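All values below were derived from every heavy atom in this structure, side-chain atoms included, with hydrogens, water molecules and symmetry-related copies excluded. Since the structure is predicted, the reported quantities are computational estimates derived from the model, not experimental observations.
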Amino acid sequence: MAVTTATAATFQAPASAEQTPAMSKSISSVIPAPAIAQPDARQAFRLGWGTVIFTQIGSREAASVGKQLAEVLRPSTGFPVPVLPAFVHGHGISLLLGGADARVGKEGYELKVERNQILIRANTPAGLFAGTQTLRQLLPASVESKSRQKGPWVVPGGKIVDFPRFGYRGAMLDVSRHFFSVDEVRGYIDQISQYKVNRLHLHLSDDQGWRIEIPGWPRLTSYGGSTEVGGGPGGFYTKEQYLELVAYAKQKYITIVPEIDMPGHTNAALASYAELNCNGIAPPLYTGTSVGFSSLCIDKEITYKFVEDVIRELAALTPGEYIHIGGDETHATKPADYVKFMQRVTPIVAKYGKKAAGWHEIAKTQNDPSVLPQYWGTDDVDEEVVAAAQRGNKILLSPAHKSYLDMKYDRNTPLGLTWAGLIEVDTAYGWNPGAFVKNLPESSVLGVEAPLWSETLENSDHIEFMAFPRLPAIAELGWSPWSTHDWESFRQRLAQQGDRWARQNVNFYRSPKIAWNS
């Protein structure tokens, strides 16, 4: 398959007559929208040469959050910005655990900006980190520059009390159709963490490539990982590299959710080991983009030894609660075999101390309320998902026609697909996860996730072009209370992100829906 390799210069949308001037900066001019924001223009804070970041005494995590904030501020301001644990707080930014508004919970924070100090309080280090991401957006966009810029560095005054609507706010990156290096994934982690995303779902296997080292099954990577869509060289992560990604994501309060898709989307594994095929014959490697043609052999015991070896290894590498076992587009697996397979595999996940997640087709196979179906349908009706919720399962929402970041923005988009429709930024923003699937109550929704499949994506420029500005739209749906949902407000706040992304060298799509300020 010929893969698009358009340059960044191609990825520019024309200006639109409907654009309106960006609103002036205030304490509420951030994405995701805060739950409660009370601006106070009299209390603006100005960073200066003597500004210090004070962190909670005795908390290494708070010190780490302070260090990460200082690493953003120092290059652009030229200020030393020391990070000090302290009981007494002077002119500066204080990151404190405890004493926050009771509503902030485990991930929220309270941020107060006064003339003499900025105070961020939270119950957990994750909440402190979320507060610092809001603070970054309250500073001028030039704070994101890697070289010294001219100030002033003013933070608008006021108070924010902020907390998430949903506990799971995810992004998915397909590293199977095209392989992305550790550095490329780290870059995406940096970008999504700024919008309070707390899960990164890595799609680690598919027909086109196997991307994670599994002891005892070396050909999965040496052979099954040796290619990708279009016939490129592919690649894989060693255990050490995967653990590096897990640790890096943890610093940004993001949990990695690994996925091994099964029983379909398995040609890379089937090509690597003939015994996983019912006929004992390994198919050739695959570099196209068709789906639904492969299946593990459901009746062979070697299949379940293979699956258990993979799950055991992923469980040991993954501190998070979920392992994703795929389960979509199993056209080559008989329906009864699909049920048999999933009913045998989900207990293996539980055996190793994890919960199974799967694409929403898994809902029809389960009575286990710990299993997490991920809805990727293209309408608002799914009786099996609703039935699962009634049995006690939580549901993760990723409707393909709203949240799939690999869909084209319009017919002229140089990258992406169209099978689920065209998704401009207003479409990505214009749905309510709490009331999207008919008869599925908000109390059954665990959260939202924005998948980015990589059939047409080859590098970080491509990832960024498809994710931005739509990823922040999905992130706001996951974090902000529905009462704050307003397209006009969002498009104006989004416009202010353009200069910030330009300073970060993010190759974003300049949607004509937005009056970009850069």
Exercise for the section: Side-chain contact test, heavy atoms from C-beta onward, threshold under 4.5 Å: evaluate it for Glu110 versus Ile120 and give yes or no. Expected result: no

Handout entry: Minimum-distance pair of heavy atoms, taken over all atoms of Pro451 and Trp453
Key = CB-NE1, 3.8 Å

Practice task
Tell me whether the guanidinium CZ or amine NZ of Arg186 lies under 6.0 angstrom from the six-membered ring centre of Tyr248 and within 45° of its axis.
Solution key: yes

Exercise for the section: Verify the ring-centre separation between His485 and Tyr429: is it less than 6.0 angstrom? Expected result: yes

Practice task
Please determine, by modelled atom types, if Gln366 and Thr346 share a side-chain donor-acceptor pair under 3.5 angstrom.
Solution key: yes

Exercise for the section: Decide whether Glu259 and His203 meet the rule of one side-chain donor and one side-chain acceptor closer than 3.5 Å. Expected result: yes

Exercise for the section: Using a cut-off of 6.0 Å, state whether more than 12 heavy atoms not belonging to Lys252 lie near its atom NZ. Expected result: yes

Handout entry: Any Ile362 side-chain heavy atom under 4.5 Å of Ile325 side chain
Key = yes

Problem - Identified side chain to side chain donor-acceptor pair (under 3.5 Å) partner of Tyr195 from the options Gln137, Glu476, Arg169, Gln497 - result: Gln497

Exercise for the section: Look at the side chain of Thr318 and the backbone N and O of Ala315, then say whether any donor-acceptor pair between them is shorter than 3.5 Å. Expected result: no

Exercise for the section: Look only at the side chain of Asn123 and the backbone of Gly105, and say whether a donor-acceptor pair between them is shorter than 3.5 Å. Expected result: yes

Practice task
With the side chain counted from C-beta on, respond yes when Ile36 and Ile160 share a heavy-atom pair under 4.5 Å apart, and no when they do not.
Solution key: no

Handout entry: Step-by-step side-chain hydrogen bond (donor to acceptor under 3.5 Å, both in side chains) determination, Ser370 to Asp368
Key = CA-CA 5 Å; Ser370 74; Asp368 181 353; 2.9 Å; yes

Problem - Under 3.5 Å side-chain donor-acceptor pair for Arg493 and Ser489 - result: yes

Handout entry: N/O donor-acceptor pair under 3.5 Å between Glu228 side chain and Glu455 backbone
Key = no

Handout entry: Option passing side chain to side chain donor-acceptor pair (under 3.5 Å) with Gln504 (candidates Lys146, Gln194, Glu464)
Key = Gln194

Practice task
Classify the side-chain pair Ser454/Asp174 by whether it contains a donor and acceptor separated by less than 3.5 Å.
Solution key: yes

Practice task
Check whether any side-chain heavy atom of Leu415 lies under 4.5 Å from a side-chain heavy atom of Met466, and answer yes or no.
Solution key: yes

Practice task
Check step by step if side-chain contact (heavy atoms from CB on, under 4.5 Å) holds for Tyr404 and Thr378.
Solution key: CA-CA 10 Å; Tyr404 270 33; Thr378 55; over 6 Å; no

Practice task
Please examine the side chains of Tyr188 and Leu452, heavy atoms only from C-beta on, and report whether any two atoms are closer than 4.5 Å.
Solution key: yes

Exercise for the section: Report yes or no: does Ser403 contribute a side-chain atom to a donor-acceptor pair with the main-chain N or O of Pro399 at less than 3.5 Å? Expected result: yes

Problem - Any donor-acceptor N/O pair, His178 side chain to Glu458 backbone, under 3.5 Å - result: no

Practice task
Decide yes or no for Leu245 and Val182: does some side-chain heavy atom of the first lie under 4.5 Å from some side-chain heavy atom of the second?
Solution key: yes

Exercise for the section: Tell me yes or no: between the side chains of Ser145 and Ser147, is some donor less than 3.5 Å from an acceptor? Expected result: no

Practice task
Report yes or no: do Ser142 and Glu144 form a side-chain donor-acceptor pair below 3.5 Å?
Solution key: no

Problem - Aromatic contact, Phe468 with Trp501 (centres under 6.0 Å) - result: yes

Exercise for the section: Give a yes or no answer on whether the side chain of Asp207 reaches the backbone of Thr266 with a donor-acceptor pair at less than 3.5 Å. Expected result: yes

Exercise for the section: Decide yes or no on side-chain contact (heavy atoms from CB on, under 4.5 Å) for Val246 and Ile256, but give the supporting numbers first. Expected result: CA-CA 6 Å; Val246 168; Ile256 288 183; 4.3 Å; yes

Problem - Ser480 side chain vs Ala33 backbone, donor-acceptor pair below 3.5 Å - result: yes

Handout entry: Pair Glu321 + Lys355: basic N to acidic O under 4.0 Å
Key = yes

Problem - Main-chain N/O of Lys106 paired to Thr124 side chain as donor or acceptor, under 3.5 Å - result: yes

Handout entry: Distance-minimising heavy-atom pair for Val155 and Leu138
Key = CG1-CB, 3.9 Å

Practice task
Might you confirm whether atom CZ of Arg74 has over 12 heavy atoms from other residues, nucleotides or ligands at distances under 6.0 Å?
Solution key: yes

Practice task
For the pair Ser444 (side chain) and Leu440 (backbone), establish whether a donor and an acceptor sit closer than 3.5 Å, ignoring hydrogens and angles.
Solution key: no

Exercise for the section: Compare every heavy atom of Ser59 with every heavy atom of Leu97, then report the nearest pair and how far apart it is. Expected result: CD1-OG, 3.5 Å

Practice task
For residues Phe508 and Trp516, establish whether the separation of their ring centroids is below 6.0 Å.
Solution key: yes

Handout entry: Pair Thr134, Tyr109: side-chain N/O donor-acceptor within cut-off below 3.5 Å
Key = yes

Practice task
Run the ring-centre check on His265 versus Trp210 and record whether the distance is less than 6.0 Å.
Solution key: no

Problem - Flag side-chain contact, heavy atom, 4.5 Å: Tyr168 against Thr255 - result: no

Practice task
Report yes or no: do Asp380 and Trp431 form a side-chain donor-acceptor pair below 3.5 Å?
Solution key: no

Handout entry: Chi angles and distances behind the side-chain contact (heavy atoms from CB on, under 4.5 Å) call for Leu417, Lys408
Key = CA-CA 6 Å; Leu417 305 174; Lys408 290 177 177 284; over 6 Å; no

Exercise for the section: Check the side chains of Glu107 and Asn198 for a donor-acceptor pair under 3.5 angstrom, ignoring hydrogens and angles. Expected result: yes

Handout entry: Identified side chain to side chain donor-acceptor pair (under 3.5 Å) partner of Gln374 from the options His360, Glu361, Glu449
Key = Glu449

Exercise for the section: Take Leu372 and Asn393, measure what side-chain contact (heavy atoms from CB on, under 4.5 Å) needs, and give me the verdict at the end. Expected result: CA-CA 6 Å; Leu372 176 64; Asn393 297 79; over 6 Å; no

Exercise for the section: Would you check if the distance from the ring center of Tyr237 to the ring center of Phe179 is below 6.0 Å? Expected result: yes

Exercise for the section: Before accepting this row, confirm whether a basic side-chain N of the pair Arg470/Glu424 lies closer than 4.0 Å to the acidic partner's carboxylate O. Expected result: no

Problem - From CH2 (Trp359) to CG (Asp328), nearest 0.5 Å - result: 6.5 Å

Practice task
Ignoring hydrogens and angles, state whether a donor on the side chain of Glu213 or Tyr242 is under 3.5 Å from an acceptor on the partner side chain.
Solution key: no

Problem - Heavy-atom donor-acceptor pair, Arg491 side chain to Ile514 backbone, under 3.5 Å - result: no

Practice task
Please work out which of the three classes, parallel, tilted or perpendicular, describes the rings of Trp217 and Phe306, given edges at 30° and 60°.
Solution key: perpendicular

